[in-house]
Amino acid sequence: MAAFADEPDPELLLRQQAQLEAQVRQLEQRSQAHQLLAQQAAQRGIPLSTQAGERFHLDRVYLARLAQFLEQEPGNAQLYLQRAQYFWDRLQGDPLALPEPDQATAVDHLLSLALRDLDIAIALDPYLPEAYLLKARIQHEYFGELEQALATLSPLDRIAYRNPQLHLLRSRIWAEQGHLESAFDVSHLAIELAKQNQSPADLFDAYVHRGLMWASICDFNLAVQDFSRAIEAQPQQAEGYYHRGMARAYQGEDRAAAAADLGRALTLWQAAGRGSPELLEYVEAVRMELLQ
């Protein structure tokens, strides 16, 4: 009996099934190897430095629990994302400081593990926007791989176009590459989407970023306006006051207001236990100079 015209080729189906099974086996092997590396890192208690210079150890109990969950659910993309997010979060601190030289190798190793976790998460669930965003952030902010980060973001145009973080991160990369016109365009889009989504955190980030771009071309009036909008969105975030204070200082029109902003930033950083001693000392020095 002749096959129907739209009936799939059995041989093609078998080949596709074999390819899929091979991919699954490869993924499982990568997963097992990665779990072993993460467990070894946790057992060694690798001492790291946050960007604020504070030493810490990985939480071995937490990582062991995650590894146990992954053994039970090796196809759970959220668990891989969770572990990668943990590695990234542990390395966040003072955004104006870099890791200490003797810690760079350990940090590189952990973030490489995070990227591998994210690759597995994306392979398991290609519709997981958070995995693409975190991978692009690590590529851009830590490894300086701008083109790779842009490539990582590309699938989100199809699956998460209305996510403000997509356009904000792309704007940051384009601004760093010198494509300011395109960077401004997508920053406007990020702001509008954050408003529509009623996301104060995204709105804060987008306004601060656009304010920094205005400041980079010495338009401090527009920079102050955007930093003020960021403060309205999240008044307890020190960075909004810090950036507005510095922009006002460059303006030179209201030194007292600039000093007040920097003082507010210092208070919030100290209350939250954030900011390196070097950063806090620098901001206090600028504040005192403005008051003279």
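Just so you know, these numbers use all the heavy atoms, side chains as well, and skip hydrogens, waters and symmetry mates.
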ask   = Could you go step by step and tell me if Y80 and D119 meet the side-chain contact (heavy atoms from CB on, under 4.5 Å) rule?
value = CA-CA 9 Å; Y80 290 101; D119 284 338; over 6 Å; no

query = Is any side-chain heavy atom of L150 less than 4.5 Å from a side-chain heavy atom of T152?
reply = no

request  = Ignoring hydrogens and angles, tell me if any N or O in the side chain of N197 forms a donor-acceptor pair with the backbone of R162 under 3.5 Å.
outcome  = yes

query = What pairs meet the ring pair (Phe, Tyr, Trp, His ring centres under 6.0 Å) rule with one or both residues in residues 180-206, with sequence neighbours excluded?
reply = F184-W214

key: Worked verdict on L133 versus R137 for side-chain contact (heavy atoms from CB on, under 4.5 Å)   = CA-CA 6 Å; L133 288 169; R137 281 195 67 188; 5.6 Å; no

ask   = Out of curiosity, does V286 fall in the hydrophobic cluster containing L268 (side-chain heavy atoms, cut-off under 4.5 Å, transitive links)?
value = no

request  = Indicate if I173 and W88 have the same hydrophobic cluster label, given that clusters are the connected sets of ILVMFWY residues with side-chain heavy-atom separations under 4.5 angstrom.
outcome  = no

key: Any side-chain heavy-atom pair of Y207 and I231 under 4.5 Å   = no

message = Are there over 12 heavy-atom neighbours, none belonging to E281, within less than 6.0 Å of that residue's CD?
response = no

inquiry  = If you apply the rule side chain to side chain donor-acceptor pair (under 3.5 Å), what do you find for D59 with Y86, and how did you get there?
reply    = CA-CA 10 Å; D59 187 335; Y86 171 78; 5.1 Å; no

request  = Heavy atoms only: give me the nearest L290-A259 pair and the separation to one decimal.
outcome  = CD1-N, 3.8 Å

task = Kindly write out the residues that satisfy side chain to side chain contact (heavy atoms under 4.5 Å, CB included) with E176, not counting sequence neighbours, or none if the list is empty.
result = H140, L146

task = Tell me, please, which residues at least two apart from A194 pass side chain to side chain contact (heavy atoms under 4.5 Å, CB included).
result = P164, D202, L203

Neighbour count >12 (heavy atoms, 6.0 Å) for atom CZ, F143 = yes

request  = Count the heavy atoms belonging to other residues, nucleotides or ligands that lie under 6.0 Å from CD of Q72, then report whether that count exceeds 12.
outcome  = yes

key: Under 3.5 Å donor-acceptor, Y132 side chain and P126 backbone   = yes

request  = Give a yes or no on whether the backbone of H167 and the side-chain of S171 come within a donor-acceptor separation of less than 3.5 Å.
outcome  = no

request  = In sequence, state the C-alpha distance, the side-chain angles, and the governing distance for R210 and R229, and then conclude on side-chain contact (heavy atoms from CB on, under 4.5 Å).
outcome  = CA-CA 11 Å; R210 194 172 71 176; R229 295 184 182 108; 3.9 Å; yes

message = Could you check whether E239 pairs with R244 (Lys NZ or Arg NE/NH1/NH2 to Asp/Glu carboxylate O, under 4.0 Å)?
response = no

ask   = With side chains defined as the heavy atoms from C-beta onward, is the minimum distance between L124 and N76 less than 4.5 Å?
value = no

ask   = So with a 6.0 Å cut-off around OH of Y62, is the heavy-atom count from everything else above 12?
value = yes

query = Take atom CD in E181; do more than 12 heavy atoms of anything else shown fall under 6.0 Å from it?
reply = no

query = Heavy atoms, side chains only, cut-off 4.5 Å: are L115 and Y142 in contact?
reply = no

ask   = Within the side chain of R255, is there an N or O that forms a donor-acceptor pair under 3.5 Å with the backbone of R248?
value = no

